[in-house]
Amino acid sequence: MGIDFEGAFLDGADRYHKRREIYEMMITNLSDEQKLEATARLVKEVLGGALETSGDLAAACKLPPSSRLVNKRIESATNVLTDTLDILTSPEIKVGRVGADDDQDDDVASTN
């Protein structure tokens, strides 16, 4: 099975759900080790970049939401941050667990 992104336009907040589908498919096919590596890399490169004193990621964090849409680069940086936080908080990225059954497992563990 091959995936071809040629001609696909996935930029912008309005394409978030398409990107999310792709992220979910990719994450569910990762091993636990690969999930840890992806998590570490996202935290280091994206969230670390947001903490820098300059750059598009830092600017996206500092500007009010209404100002982020004026500059295409800042809008793109905002989408990168949003997507990163979505991936890092998704149930699929959890190590040692698989998808939707996690919530039930967590509920059982918390009642014991």
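Fair warning: this is a prediction, and the values are worked out from it, not measured in the lab.
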Given side chains that start at C-beta, do those of N79 and R19 come closer than 4.5 Å, heavy atoms only?
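Heavy-atom side-chain distance check passes, below 4.5 Å.
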Give a yes or no answer on whether the side chain of D32 reaches the backbone of V95 with a donor-acceptor pair at less than 3.5 Å.
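Checking the backbone N and O of V95 against the side chain of D32, no donor-acceptor pair under 3.5 Å is found.
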What residues join L88 in its hydrophobic cluster, counting side-chain heavy atom gaps under 4.5 Å, either direct or through other members?
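L88 shares its hydrophobic cluster with Y23, I27, L42, V43, V46, L47, L57, V80, L81, L85, I87, I93.
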Fellow cluster residues of L51, listed by chain then number, with links counted only when side-chain atoms sit under 4.5 Å apart:
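L51 shares its hydrophobic cluster with no other residue.
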Any pair counted as salt bridge (Lys or Arg N to Asp or Glu O under 4.0 Å), so long as it reaches residues 50-59, sequence neighbours left out:
D56-R73
How long is the straight-line distance from [atom2] of [Y] back to [atom1] of [X], given to the nearest 0.5 Å?
X: D83; Y: R15; atom1: CG; atom2: CZ; answer: 13.5 Å
X: T39; Y: E37; atom1: OG1; atom2: CD; answer: 10.0 Å
X: L36; Y: Q34; atom1: CG; atom2: CD; answer: 10.5 Å

Which heavy atom of K35 sits nearest a heavy atom of E92, and at what distance?
NZ-O, 3.0 Å
For side chain to side chain contact (heavy atoms under 4.5 Å, CB included), just list the numbers for T82 and T78, CA-CA rounded to whole Å, side-chain angles, deciding distance to a tenth of an Å, and then say yes or no.
CA-CA 6 Å; T82 302; T78 300; 4.2 Å; yes
Does atom CZ of R41 have more than 12 heavy-atom neighbours, drawn from other residues, nucleotides or ligands, at distances under 6.0 Å?
no
